[in-house]
Amino acid sequence: MEKIKMTTPLVEMDGDEMTRILWQMIKDELLCPFIELNTEYYDLGLKHRNDTDDQVTIDSAEATKKYGVAVKCATITPNAARMSEYNLKQMWKSPNGTIRAMLDGTVFRAPIVVKGIEPCVKNWEKPITLARHAYGDVYKGSEMKIPGAGKAEIVFTAEDGTETRELIHEFKGPGIVQGMHNLNESIESFARSCFNYALDTHQDLWFATKDTISKKYDHTFKDIFQEIYDKEYDARFKEAGIEYFYTLIDDAVARVMKAKGGFIWACKNYDGDVMSDMVSSAFGSLAMMTSVLVSPHGYYEYEAAHGTVQRHYYKHLKGEETSTNSVATIFAWTGALRKRGELDQNTALSDFADKLEKACVQTIESGKMTKDLALITSIENPVVLSSEGFIKAIRETLESLL
């Protein structure tokens with residue numbers, strides 16, 4: 001068949017470790033044989049980020065603003081061990097955090113549901129979509145080790161030089177301190193993204209923070225959501241027959257475990273990071289979760305919700321066979337290709353993305369899968385495939401669909 005042409009490039013952000021290996025396999029086996037792939041490439045591997053003083057991350061976010069659609073591989077957020085392993089100049093911040101801050105969007109994550117992979121929570125019948133605020137909090141935090149006795153304060157200096165102070169703690173000995181911030185404008189964007197997504201997908205929206213403890217910080221989130229809902233969305237939600245409600249994060253966790261699913265759960269940045277892993281893992285696997293950053297300015301960045309699969313990468317380096325699930329990374333590509341097709345009115349590209357997703361699901365439902373799924377499937381006698389073998393099996397299914 002003739003290869004599908006692309007008119008506008010995608011922004012392609014390469015990543016690290018095992019997901020970087022899968023990234024190339026996916027391109028070689030599932031994309032390039034069928035599409036004249038048109039991307040503007042950025043290497044967000046940790047070595048190149050270090051070499052460019054992380055400028056490459058900023059450049060990739062600016063390119064996303066230019067072209068509107070990006071696809072991103074999983075990347076390393078360095079810790080102390082990575083500092084020595086990669087001989088880093090400094091402990092670079094999360095590239096996801098940098099990109100999300102620049103695009104000011106909301107991350108929507110939903111499990112990929114296939115027959116034969118039943119949720120651990122037996123009453124979950126429909127997918128639960130996590131809406132994660134993508135700016136600020138601990139991801140843009142400042143931290144300090146306190147060496148000994150002394151006083152730590154938050155100090156705000158207004159433009160006219162006026163200072164406002166709030167005592168954090170009177171230290172009697174060594175400790176630690178952290179400063180976080182957020183912006184009303186970003187919280188407003190988060191709220192509208194969630195309300196619009198709920199209307200688009202016709203699902204109830206839950207929002208949860210801990211405003212009883214955090215009476216200024218978290219309470220501001222709660223208040224902004226409520227003000228925007230009351231002014232702009234109340235009538236539209238009632239007309240659509242869907243509901244918005246606010247609850248405490250601990251109450252939300254308890255409710256989610258007893259719910260049937262089929263709703264959007266909006267969380268602050270860190271809560272969304274943790275809860276999306278809980279939901280995806282309980283639905284089957286961290287590698288079975290879609291993730292898209294939606295900006296109010298109309299930018300879309302698709303990625304896998306999981307990490308770089310470090311353990312498998314070290315096995316791969318030793319020449320040992322791995323069985324790494326590539327579905328979430330494939331769905332990052334399909335999400336980006338579909339959106340590119342929609343924006344460019346390129347139906348062939350969007351249709352291809354649909355068929356590739358269908359091929360992934362059909363391959364698993366036929367009993368061919370990676371080890372993580374074989375351990376939890378209800379399908380009898382599953383065929384456990386290697387990382388490469390699984391991608392090649394998907395290609396066979398895809399060719400039959402095309």
Side-chain angles (χ1 to χ4, degrees), residues 9-24 27 39-107 132-145 176-183 185-186 189 268-270 272-273 291-295 297 299-310 313 328-329 332-333 336:
L10 281 177
V11 177
E12 178 187 350
M13 307 175 188
D14 209 346
D16 287 299
E17 297 189 317
M18 197 63 208
T19 43
R20 189 183 180 97
I21 306 295
L22 297 176
W23 193 259
Q24 193 59 50
K27 286 168 69 177
T39 72
E40 188 164 297
Y41 178 87
Y42 293 87
D43 183 359
L44 265 56
L46 185 51
K47 183 182 182 304
H48 191 60
R49 275 185 276 146
N50 190 60
D51 290 345
T52 63
D53 294 335
D54 211 28
Q55 183 61 40
V56 66
T57 306
I58 293 161
D59 293 344
S60 70
E62 290 295 349
T64 305
K65 292 179 183 178
K66 179 180 176 182
Y67 293 111
V69 185
V71 57
K72 181 181 171 295
C73 184
T75 46
I76 293 167
T77 300
N79 56 13
R82 300 298 202 169
M83 283 286 289
S84 52
E85 182 184 352
Y86 282 84
N87 194 23
L88 300 179
K89 297 173 190 173
Q90 67 181 72
M91 207 180 289
W92 305 108
K93 291 199 172 185
S94 158
N96 288 342
T98 300
I99 293 162
R100 287 166 192 159
M102 287 180 68
L103 300 183
D104 184 29
T106 297
V107 179
R132 174 185 170 189
H133 188 212
Y135 178 80
D137 303 347
V138 294
Y139 300 86
K140 295 288 281 183
S142 300
E143 301 175 320
M144 189 186 291
K145 287 193 173 185
I176 44 177
V177 68
Q178 181 183 68
M180 301 193 315
H181 78 278
N182 223 294
L183 308 171
E185 186 181 19
S186 180
S189 294
K268 286 171 59 199
N269 208 344
Y270 179 77
D273 192 0
S291 182
V292 56
L293 177 77
V294 182
S295 159
H297 310 289
Y299 316 133
Y300 297 83
E301 185 236 340
Y302 295 82
E303 61 180 346
H306 58 72
T308 56
V309 204
Q310 180 184 14
Y313 180 60
T329 307
W333 274 104

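Residue indices begin at 1 and follow the sequence shown.
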Undergrad: Y299 vs H297 aromatic rings, parallel, tilted or perpendicular, using cut-offs 30° and 60°?
TA: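 Tilted: the ring planes of Y299 and H297 meet at 30° to 60°.
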Undergrad: Can you list everything that forms a side chain to side chain contact (heavy atoms under 4.5 Å, CB included) with A328? Sequence neighbours excluded, please.
TA: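 With sequence neighbours excluded, A328 shows a side chain to side chain contact (heavy atoms under 4.5 Å, CB included) to A304, H306, given in chain and number order.
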Undergrad: May I ask you to test the T106-V294 pair for a side-chain heavy-atom distance under 4.5 Å?
TA: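 They are not in contact (no side-chain heavy atoms under 4.5 Å apart), so the answer is no.
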Undergrad: Looking at OG of S291 and CD of E301, how far apart are the two atoms once the value is rounded to the nearest 0.5 Å?
TA: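 Here the rounded value is 7.5 Å.
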Undergrad: Crowded around Y270 OH? As in, over 12 foreign heavy atoms under 6.0 Å?
TA: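 Result for OH/Y270: open.
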Undergrad: Is any side-chain heavy atom of Y42 closer than 4.5 Å to one of V11?
TA: yes
Undergrad: Among R100, H181, H133, which one satisfies side chain to side chain donor-acceptor pair (under 3.5 Å) with S186?
TA: H133
Undergrad: Quick one, I99 and T57 - any side-chain contact, counting heavy atoms below 4.5 Å?
TA: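 Yes, at least one pair of side-chain atoms sits under 4.5 Å.
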Undergrad: Side chain to side chain contact (heavy atoms under 4.5 Å, CB included) for Y300 and T64? Distances and angles first, verdict last.
TA: CA-CA 8 Å; Y300 297 83; T64 305; over 6 Å; no
Undergrad: Decide yes or no for V107 and V292: does some side-chain heavy atom of the first lie under 4.5 Å from some side-chain heavy atom of the second?
TA: no
Undergrad: Considering all heavy atoms of both residues, which atom of V309 and which atom of T19 are nearest to each other, and what is their separation?
TA: CG2-CG2, 4.1 Å
Undergrad: Is R20 salt-bridged to D43, cutoff N-O under 4.0 Å?
TA: yes
Undergrad: Just wondering, are more than 12 heavy atoms of other shown residues or ligands nearer than 6.0 Å to CE in M91?
TA: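 Correct, the count exceeds 12.
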Undergrad: Heavy atoms only: give me the nearest A134-G105 pair and the separation to one decimal.
TA: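 Answer, listing the atom of A134 first, then G105: CB-O, 2.9 Å.
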Undergrad: Hey, can you pull the donor-acceptor pairs under 3.5 Å for the side chains in residues 73-84, sequence neighbours left out?
TA:
from	atom 1	to	atom 2	distance (Å)
T75	OG1	K72	NZ	2.8
N79	OD1	A81	N	3.2
N79	OD1	R82	N	3.0
R82	NH1	E17	OE2	2.8
R82	NH1	E85	OE1	3.1
R82	NH2	E17	OE1	3.0
R82	NH2	E17	OE2	3.3
S84	OG	A81	O	3.1

Undergrad: Just jot down the side-chain hydrogen bond (donor to acceptor under 3.5 Å, both in side chains) partners of R132, sequence neighbours excluded, or say none.
TA: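 Per chain and number, R132 pairs via side-chain hydrogen bond (donor to acceptor under 3.5 Å, both in side chains) with Y139, N269.
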Undergrad: Taking all non-hydrogen atoms of both residues into account, name the closest pair between A332 and Y302 and its distance.
TA: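 Where A332 meets Y302 most closely, the heavy atoms are O-CB, 3.3 Å.
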Undergrad: Filter on salt bridge (charged side-chain N to carboxylate O under 4.0 Å, His left out), then keep only pairs touching residues 45-55, sequence neighbours left out; what's left?
TA: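 For residues 45-55: D16-R49, K47-D51, D53-K89.
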Undergrad: Measure across E40 and Y67 and return the closest heavy-atom pair with its distance rounded to 0.1 Å.
TA: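 Minimum heavy-atom contact is OE1-OH, 3.0 Å.
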Undergrad: Could you pull out all residues at least two apart from M180 that satisfy side chain to side chain contact (heavy atoms under 4.5 Å, CB included)?
TA: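 Residues passing side chain to side chain contact (heavy atoms under 4.5 Å, CB included) with M180: D137, V138, Q178, Y217.
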Undergrad: Restricting to non-hydrogen atoms, name the atom on D104 and the atom on S189 that form the minimum distance, rounded to 0.1 Å.
TA: OD2-OG, 3.3 Å
Undergrad: W23 versus T329: any side-chain heavy-atom pair under 4.5 Å?
TA: yes
Undergrad: Within the side chain of D14, is there an N or O that forms a donor-acceptor pair under 3.5 Å with the backbone of Y41?
TA: no
Undergrad: My understanding is that only residues two or more places apart in sequence, or in another chain, count here; which of them pass side chain to side chain contact (heavy atoms under 4.5 Å, CB included) with Q55?
TA: T52, I58, D59
Undergrad: Under 3.5 Å, is there a donor-acceptor pair between the side chain of S60 and the main chain of M13?
TA: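 Looks like no, no N/O pair under 3.5 Å.
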Undergrad: To the nearest 0.5 Å, what is the distance between CG (L44) and CD (E12)?
TA: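 If we round to the nearest 0.5 Å, L44:CG and E12:CD are 11.0 Å apart.
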